[in-house]
Amino acid sequence: MELEVTIQRYLPEQSSEPFKQSYTVPYDTSTSVLDALTYIKEELDPTLSYRWSCRMAICGSCGIMLNGKPMLGCNVFLRDYVKTGMLLEPMAHFPVERDLIIDMESFLTHLEAVKPYLISKDSKESVQTFEPNNQTPQQLDKYQQFSSCINCGLCYSACPQFGLNPEFIGPAALTLAHRYNLDNRDAGQAERMPMINSEEGAWSCTFVGYCSEVCPKSVDPAAAVNQSKVTSATDLLMSLLGGRS
Amino acid sequence: MQQSDFDILVVGGGGAGLRASIAAAEKSPHLKIGLVSKVYPMRSHTVAAEGGAAAVTLEKDSFQAHLEDTVMGSDWLAEQKVVDYFVRHAYQELVQMEHWGCPWSRKEDGSIQVRRFGGMKVERTWFAADKTGFHMLHTLYQTSLKFPQIQRLDEFFVLDLLVLDNAIAGVIAIEVATGELHLLRAKSVILATGGAGRLFRFNTNGGIVTGDGMAMAYRHGVALRDMEFVQYHPTGLPGSGILITEASRGEGGIMVNKDGYRYLQDYGLGPETPLGKPENKYMELGPRDKLSQAFWQEQQAGRTGKYGDSDVVYLDLRHLGEKYLQERLPFISELAKAFVNIDPAREPIPVRPAVHYTMGGIMTDAQCETSIKGLYAAGECASVGLHGANRLGSNSLTELLVFGRLAGEQAAENASNQDFAAMPALQEQSSKLQQQLAALNERTSGESWVEIKKELLITMEEGCGIYRTEAGMQKTLQTIRELRKRYQTVHIQDKSKIYNTEFFMCLEVGFGLDIAEATCLGALERRESRGAHQRLDEGCTSRNDQDFLSHSLVYFQGQEAARLEWQEVDTSILPPAERAYGDAAKSGDATKGAK
Ligand SMILES: Cc1cc2nc3c(=O)[nH]c(=O)nc-3n(C[C@H](O)[C@H](O)[C@H](O)COP(=O)(O)OP(=O)(O)OC[C@H]3O[C@@H](n4cnc5c(N)ncnc54)[C@H](O)[C@@H]3O)c2cc1C
Ligand code: SF4
Ligand code: FES
């Protein structure tokens with residue numbers, strides 16, 4: 001079986017304009033879009049560029065737009081696009097570097113901005129006790145889903161707000177902040193709130209919810225952002241009332 | 001060419017590289033650390049590890065027991081003092097990960113939960129659902145953000161080491177986004193570049209696992225040790241090779257052939273354990289090499305099934321029930337559904353062995369230093385001596401932490417007492433490399449790297465598979481040497497600078513060819529069967545301590561054939577004994593010396 005795959009190419013050293021190119025790719029029931037790209041690169045056109053590594057939907061490298069929807073290339077299969085055909089484009093809302101490769105820097109900067117690490121309870125530099133903290137399965141449950149983000153960035157391509165304002169720290173970063181805020185071992189919420197409360201934080205979200213729909217790992221960033229707004233509102237109220245030291 | 005200076009350069013942003021960077025930053029906060037990786041750190045293949053990380057945890061467990069399991073698993077080819085250091089430092093490293101926020105799975109009372117793992121006598125494997133590597137990698141990456149002195153060079157591809165008077169002086173890298181060459185000078189360098197599973201066609205590894213660091217050290221005269229030992233994982237998905245974790249057997253999954261028979265009992269792993277009652281070291285929880293070999297035997301006997309054009313056996317998890325699978329093995333349920341269209345709660349999963357882990361690697365001493373002063377190696381690219389002839393599952397994630405930390409601390413100490421090498425000599429080395437690259441780029445015709453890669457994968461599978469023969473390995477070695485010659489005039493079509501991924505894939509094939517030769521030479525010269533290295537030819541089908549209780553060391557000789565030496569193994573703690581599992585272990589003396 002064969003399918004025509006159309007790809008939006010961009011070769012900045014040759015032309016400033018993107019262009020479309022189609023390739024005919026053989027497939028069977030287990031051929032993923034990533035397999036198709038590999039086939040094209042090895043057999044038809046070695047200049048085609050894209051990112052990938054794990055090919056098992058866990059490293060977050062291979063995001064693309066497939067017929068306009070953000071997806072992981074390794075996790076969608078040609079068998080499901082026989083009727084509709086296939087148009088692959090680079091992830092929306094990010095600057096394109098070449099072909100399907102986008103510039104990830106803004107995404108990483110946003111992640112870093114929320115202090116996404118455990119800020120421990122005892123003093124600044126915690127005394128090293130060599131025993132684990134206690135955390136019950138219920139306490140783990142509270143944040144576990146929000147800790148499953150693979151940093152693929154698909155939710156940023158889905159987010160109309162990020163499309164309008166790249167300064168918006170966006171769904172994945174807010175989710176990560178929320179993940180640590182919900183962790184019973186963490187005491188860093190006060191340090192993260194200014195970012196979450198800021199103009200580029202949770203309040204930029206207009207609750208479209210498309211981020212959760214495209215998330216390949218069911219992280220449900222929209223829920224995290226929404227919960228953050230509640231925390232943020234309480235936090236703001238508390239500070240108005242002078243309840244925060 | 002851009003130039004910059006770092007006290008320490010860490011090459012590799014996987015578990016080992018991140019742990020090393022943090023350790024160096026904690027030990028000597030004033031040092032400037034460069035973390036160089038050809039992909040963003042969280043894309044590193046540590047992310048794919050599913051099962052867990054081992055450390056002595058329960059009351060009934062002991063360091064001695066973990067050491068015995070590891071040494072027996074290694075078929076007595078592990079460095080025993082290294083293993084001893086490892087088992088004693090494992091627990092504190094996993095606790096450290098906990099303090100950094102790693103979401104380890106818990107018992108009801110909130111304490112750490114441990115699970116069974118193949119080849120381990122006692123439950124000692126910590127896990128974070130079935131995404132342990134993912135959680136460890138992200139925890140380490142996120143923690144590394146706390147240290148401003150760790151400067152990341154993401155998507156920088158390292159091409160070569162700079163060595164002066166047998167001391168490390170830095171590395172040369174290309175910035176993938178621009179194609180620009182960088183001379184990165186350093187006082188210490190740590191290689192943490194991962195394994196080389198992509199030398200084989202059918203494997204559980206990500207596309208970046210191409211052995212680059214091994215080849216770089218090897219080309220500068222560092223020995224590659226024990227490269228003939230390549231671990232097959234018994235349960236890869238047919239077609240893609242995607243891993244179905246061993247934890248699925250630890251949780252009670254069973255392996256059956258096409259007749260629904262639990263064939264492992266016929267291969268020294270029985271008697272059959274009752275359904276839902278897995279027992280350590282029996283049946284499905286035997287070590288990986290034995291399980292993969294049993295597959296091969298079943299395949300020869302015509303008792304395997306078919307999935308597409310792959311021969312397969314079946315991993316049956318149905319008796320665990322949907323709810324339990326969702327809770328304990330959510331990721332593998334998802335993978336089975338996506339990649340073979342099977343719901344493990346309803347149907348058995350077709351599986352077959354796939355190349356999984358590179359036991360051998362860059363030879364280091366017990367402190368992670370190589371024979372080049374100031375050059376360290378840690379993680380899967382290294383051979384510190386932990387795994388010998390066969391690695392036990394869940395020892396390697398812990399290895400990344402224990403030896404990543406050690407390498408980071410050693411590198412920091414070295415950098416504190418060291419000056420930078422003088423620039424002119426380094427610039428000279430760099431311009432030489434620059435000319436070679438230019439020659440590759442300017443070549444207008446020749447053979448494509450794709451052809452060479454395909455032939456390499458096929459010949460490795462034929463000659464260095466689960467079972468090996470003299471004739472098969474001779475042929476493969478011959479082929480590799482021819483491919484190395486052909487690679488001299490390899491051709492790439494893409495001449496651009498920005499994200500020229502063809503160029504990097506071509507370089508990876510070049511690295512692969514060199515280490516393939518070392519792998520095959522080690523395999524050919526080891527005329528015995530031990531651990532993951534199993535031979536079918538006469539006189540070589542069993543372990544031979546008389547002649548081969550030694551590490552193989554392979555040395556690069558440029559375009560000439562590589563050279564092999566043997567190195568004595570440290571057996572000072574646990575004298576060699578029979579390696580037996582299942583009930584067979586009871587009659588042998590393998591457990592002598594156990595408490
Ligand atoms: C599917 C799978 C499941 C596994 N499950 C388990 C398990 O349950 N328990 C267990 O103990 N072990 C497991 N393992 C083994 C374990 O995960 C690996 O051995 C380990 O993660 C390797 O980590 P590392 O840091 O050495 O290398 P990696 O994580 O592979 O990282 C290598 C790094 O080096 C960089 N790099 C490589 N070449 C270059 C270059 N030329 N220039 C710049 N950077 C470079 C890469 O970008 C990457 O950042 C599993 C392995 C696989 C494949
Ligand atoms: S939240 Fe989901 S879509 Fe967004 S980056 Fe994380 S895994 Fe990707
Ligand atoms: S290649 Fe890793 S997520 Fe697709």
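Here is how names work: the chains are called A, B, and so on, in the same order as the sequence lines, proteins then strands, and each is numbered from 1. The basis for the numbers below is simple: all heavy atoms, side chains too, and nothing from hydrogens, waters or symmetry mates.
- Only the side chain of Leu108(A) comes within contact range of chain B, with at least one heavy atom under 4.5 Å from a heavy atom of that chain.
- Interface remark: of the candidates Glu97(A), Gln144(A), Gln139(A), Gln14(A), Glu97(A) forms the most heavy-atom pairs closer than 4.5 Å to chain B.
- For Glu327(B), no part lies near chain A; criterion is any non-hydrogen pair under 4.5 Å.
- Annotation: maximal heavy-atom pairing with chain B below 4.5 Å, among Leu48(A), Thr47(A), Asn151(A), Asp28(A), occurs at Asn151(A).
- For a residue to count as touching a neighbouring chain, one of its non-hydrogen atoms must lie under 4.5 Å from one of that chain's; by this rule Leu335(B) touches chain A with the side chain only.
- Ring planes of Phe134(B) and His138(B): tilted class, angle from 30 to 60°.
- For the residue pair Asp35(A)/Thr38(A), the side-chain donor-acceptor check at 3.5 Å is not satisfied.
- Side-chain contact check for Tyr10(A) versus Phe19(A): every heavy-atom pair is 4.5 Å or farther apart.
- Donor-acceptor pairing under 3.5 Å is recorded for the side chains of Glu131(A) and Tyr91(B).
- Contact tally against chain B (heavy-atom pairs below 4.5 Å) for Ser147(A), Pro132(A), Cys74(A), Ser148(A): the top residue is Pro132(A).
- With chain B as the partner, the residue from Arg55(A), Met56(A), Glu42(A) showing the most heavy-atom pairs under 4.5 Å is Arg55(A).
- Proximity to chain B is absent for every atom of Lys115(A), based on heavy atoms less than 4.5 angstrom apart.
- Contact annotation for Met97(B): neither backbone nor side-chain heavy atoms come within less than 4.5 Å of a heavy atom of chain A.
- Of the atoms belonging to Val450(B), it is side-chain heavy atoms, and not backbone ones, that fall under 4.5 Å from chain A.
- At a 4.5 Å heavy-atom cutoff, Gln113(B) makes no contact with chain A through either its backbone or its side chain.
- For the options Pro12(A), Ala57(A), Cys149(A), Ser30(A), heavy-atom pairs under 4.5 Å to chain B are most numerous at Cys149(A).
- With a 4.5 Å cut-off on non-hydrogen atoms, Ile112(B) touches chain A through its side chain but not through its backbone.
- Both the backbone and the side chain of Ile58(A) come within contact range of chain B, each with at least one heavy atom under 4.5 Å from a heavy atom of that chain.
- Side-chain atoms of Trp104(B) and Leu94(B), non-hydrogen and from C-beta on, do get closer than 4.5 Å to each other.
- Contact of the Cys506(B) side chain with the Val490(B) side chain is registered, since non-hydrogen atoms from C-beta on lie closer than 4.5 Å.
- The backbone N or O of Gly195(B) lies less than 3.5 Å from no partner atom in the side chain of Asn205(B), so there is not a single donor-acceptor pair.
- For Lys142(A) (side chain) and Asp183(A) (main-chain N/O), no donor-acceptor pair under 3.5 Å exists by modelled atom type.
- Taking the six-membered ring where tryptophan is involved, the planes of Tyr156(A) and Phe94(A) are tilted, since the angle between them lies from 30° to 60°.
- Arg98(A) touches chain B through its side chain: at least one heavy atom from C-beta onward sits under 4.5 Å away, while N, CA, C and O do not.
- Ring planes of Phe77(A) and Phe339(B): perpendicular class, angle over 60° (limits at 30 and 60°).
- Interface residue Lys454(B): only side-chain heavy atoms are found under 4.5 Å from chain A.
- For the options Asp103(A), Leu111(A), Thr136(A), Val76(A), heavy-atom pairs under 4.5 Å to chain B are most numerous at Thr136(A).
- Counting only N and O atoms by type, the side chains of Tyr499(B) and Glu155(B) include a donor and acceptor under 3.5 Å apart.
- With a 4.5 Å cut-off on non-hydrogen atoms, Pro46(A) touches chain B through its backbone and its side chain both.
- Contact annotation for Gln138(A): only side-chain heavy atoms (C-beta onward) come within less than 4.5 Å of a heavy atom of chain B.
- Side-chain polar atoms of Gln145(A) and Asp220(A) form no donor-acceptor pair below 3.5 angstrom.
- Phe202(B) carries Arg352(B) over the face of its six-membered ring, with the cationic atom under 6.0 Å from the centre and within 45° of the normal.
- Heavy-atom distances place no part of Phe503(B) under 4.5 Å from chain A, backbone and side chain included.
- Contacts between Cys102(B) and chain A at a heavy-atom distance below 4.5 Å involve the backbone alone (N, CA, C, O).
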